[in-house]
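What follows is a set of notes on a single structure, which appears directly below.
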Amino acid sequence: MSATPRRSLAIAAALAAVLASAAPALAAGAPTLVNAPMAVGPNHLTAHGGILHSTSSNWSGYAATGSKFTSVSASWVQPAASCNGDDTYSSFWVGLDGDGSNSVEQTGSEVDCSGGSPQYYAWYEMYPAYPVNFSNYVAPGDHFTASVTTNGSGSFTLKLSDTTQGWSKTENKTLRNAALASAEIIAEAPSDSSGALPLTDFGQVNFTSATANGKSIGSFNPDNITMASNGTTLASTSALSGGNAFSVTWQNES
């Protein structure tokens, strides 16, 4: 698998919006975040189901390729962060493109640790444009539903709903020449210009109703991605249940 997914999370650029919301403020010294290209190790086929297994420095979850993808969707519960005083970062999202292409159309939620305190928020991005953080309140335990759809000719609709807090955001955007070659449901360690940042201890996030092109993600024999760095597993992805549900579990780095 070639590896060029990106999601730029420029926290500093969106700090004013976050401060204006009910969500906790981010530390002024927070780095400008980008989700750097996914560094993927050699793929191999499992003995059952044809599911690929890859290793990434900043992604964990499932990525489907091999078709033209015009929709992706999933639901999840916002996990709570365990903060130990270090600054750490994590995001949870659905998206099209990014696995082997230079554009990513995606939306999701985030929990970072800043100064020992968790910071929760939500966002969308049409990379290579900068991301946009929503001002709506996000809390651990919130139920999210997200989707990205396209008409295949450059028009995209990104929808994110926090059904616990009772808010929903729909963004209609345009991006020409999108590859539409992949669909992903991912837990990620954002990056700065130097590479992937420390991953927040989010415990476990459970994704359900995971679909691509209106079918269960498992219909596409997607790639099961483990996040690892320098031989250390940072987050592991479970097998699919019913073809459309799985969990990603943070792993102790020590």
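All values below come from the heavy atoms of this structure, side chains included, with hydrogens, waters and symmetry mates left out.
When side chains are defined from C-beta on, Trp250 does not count as touching Pro79, because their heavy atoms never get closer than 4.5 Å. The shortest side-chain heavy-atom distance between Asn213 and Ser71 falls under the 4.5 Å cut-off. Looking at heavy atoms from C-beta onward, Thr88 lies out of side-chain contact with Asp201 at the 4.5 angstrom threshold. Side-chain contact check for Thr200 versus Glu110: every heavy-atom pair is 4.5 Å or farther apart. Using a 4.5 Å cut-off on side-chain heavy atoms (C-beta onward), Pro198 and Asp86 make no contact. In this structure, the side chains of Phe144 and Thr107 stay at 4.5 Å or more apart for every pair of heavy atoms. With contacts defined as side-chain heavy-atom distances shorter than 4.5 Å, the pair Thr150/Glu105 does not qualify.
Residues meeting the ring-ring contact (aromatic ring centres under 6.0 Å, His included) test with Phe246, sequence neighbours left out: Tyr62, Phe207.
Taking both residues in full, the closest heavy atoms of Ala210 and Ala74 are given as CA-CB, 4.1 Å, listed atom of the first, atom of the second, then distance. Here the closest heavy-atom approach between residue Thr170 and residue Lys159 is recorded as OG1-CG, 3.6 Å. The heavy-atom pair separating Ala183 from Leu96 by the smallest distance is CB-CD2, 4.0 Å. The shortest heavy-atom contact between Gly152 and Leu180 is CA-CD1, 3.8 Å. Across all non-hydrogen atoms, the minimal contact from Ala235 to Val248 is CB-CG1, 4.0 Å. Considering every non-hydrogen atom in both Ala178 and Phe156, the closest pair reads CB-CZ, 3.7 Å.
Between the Ser209 side chain and the Ser75 main chain, no donor and acceptor come within less than 3.5 Å of each other. The closest donor-acceptor contact from the side chain of Asp223 to the backbone of Ala64 lies at 3.5 Å or more, if one exists at all. Asn224 contributes a side-chain N or O that, together with a main-chain N or O of Ser238, makes up a donor-acceptor pair within less than 3.5 Å. With hydrogens and angles disregarded, a donor-acceptor distance shorter than 3.5 Å links the side chain of Asn151 to the backbone of Ser155.
If you take OG on Ser82 and CZ on Phe202, they are separated by 11.0 Å, rounding to the nearest 0.5 Å. In this structure, OH in Tyr127 is found 10.5 Å from OG in Ser101, a value given to the nearest 0.5 Å. Atom-to-atom distance recorded for Ile225:CD1 and Ile186:CD1 is 4.5 Å, nearest 0.5 angstrom. Rounding to the nearest 0.5 Å places CD of Gln78 at 10.5 Å from CD of Gln165. Atom-to-atom distance recorded for Leu240:CG and Ser216:OG is 8.0 Å, nearest 0.5 angstrom. Distance check, rounded to the nearest 0.5 Å: CD of Glu125 to OG of Ser91 gives 10.0 Å.
Listed by first and then second residue, the side chain to side chain donor-acceptor pair (under 3.5 Å) pairs involving residues 171-185 are Tyr124-Lys173, Thr157-Asn172, Ser182-Glu184 (not counting sequence neighbours).
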Requested in this report: Begin from the C-alpha positions of Phe92 and Ser90 and carry the test side chain to side chain contact (heavy atoms under 4.5 Å, CB included) through to its verdict.
Outcome: CA-CA 7 Å; Phe92 316 96; Ser90 63; 3.6 Å; yes
Requested in this report: Begin with the C-alpha distance, continue with both residues' side-chain angles, and end with the deciding distance and a verdict on side chain to side chain contact (heavy atoms under 4.5 Å, CB included) for Asn136 and Asp162.
Outcome: CA-CA 9 Å; Asn136 303 77; Asp162 183 333; over 6 Å; no
Query raised in the report: Could you go step by step and tell me if Leu199 and Met227 meet the side chain to side chain contact (heavy atoms under 4.5 Å, CB included) rule?
Result: CA-CA 10 Å; Leu199 181 66; Met227 192 189 311; 3.8 Å; yes
Report task. Kindly indicate, with the supporting measurements, whether the criterion side chain to side chain contact (heavy atoms under 4.5 Å, CB included) is fulfilled by Val94 and Trp76. Result -> CA-CA 10 Å; Val94 305; Trp76 66 92; 4.0 Å; yes
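The distance between the ring centers of Phe220 and Phe69 falls below 6.0 angstrom.
Ring-plane geometry between Trp93 and Trp59 is classed as perpendicular, the angle between the planes exceeding 60 degrees on a 0 to 90 degree scale with a lower cut at 30.
Gln119 and Ser114 share no side-chain donor-acceptor pair at under 3.5 Å. A side-chain N or O of Ser56 and one of Asn58 form a donor-acceptor pair less than 3.5 Å apart. Judged by distance alone, the side chains of Ser73 and Ser147 never bring a donor and an acceptor atom under 3.5 Å apart. A side-chain donor-acceptor contact under 3.5 Å links Ser60 and Thr237. Side-chain contact, Ser229 with Ser57: no donor N or O sits under 3.5 Å from an acceptor N or O.
By the rule that hydrophobic residues join a cluster once side-chain heavy atoms approach within less than 4.5 Å of another member, Val77 and Tyr137 end up as members of separate clusters.
No option in Thr70, Asp97, Val72, Leu160 other than Val72 meets the side chain to side chain contact (heavy atoms under 4.5 Å, CB included) test with Val148.
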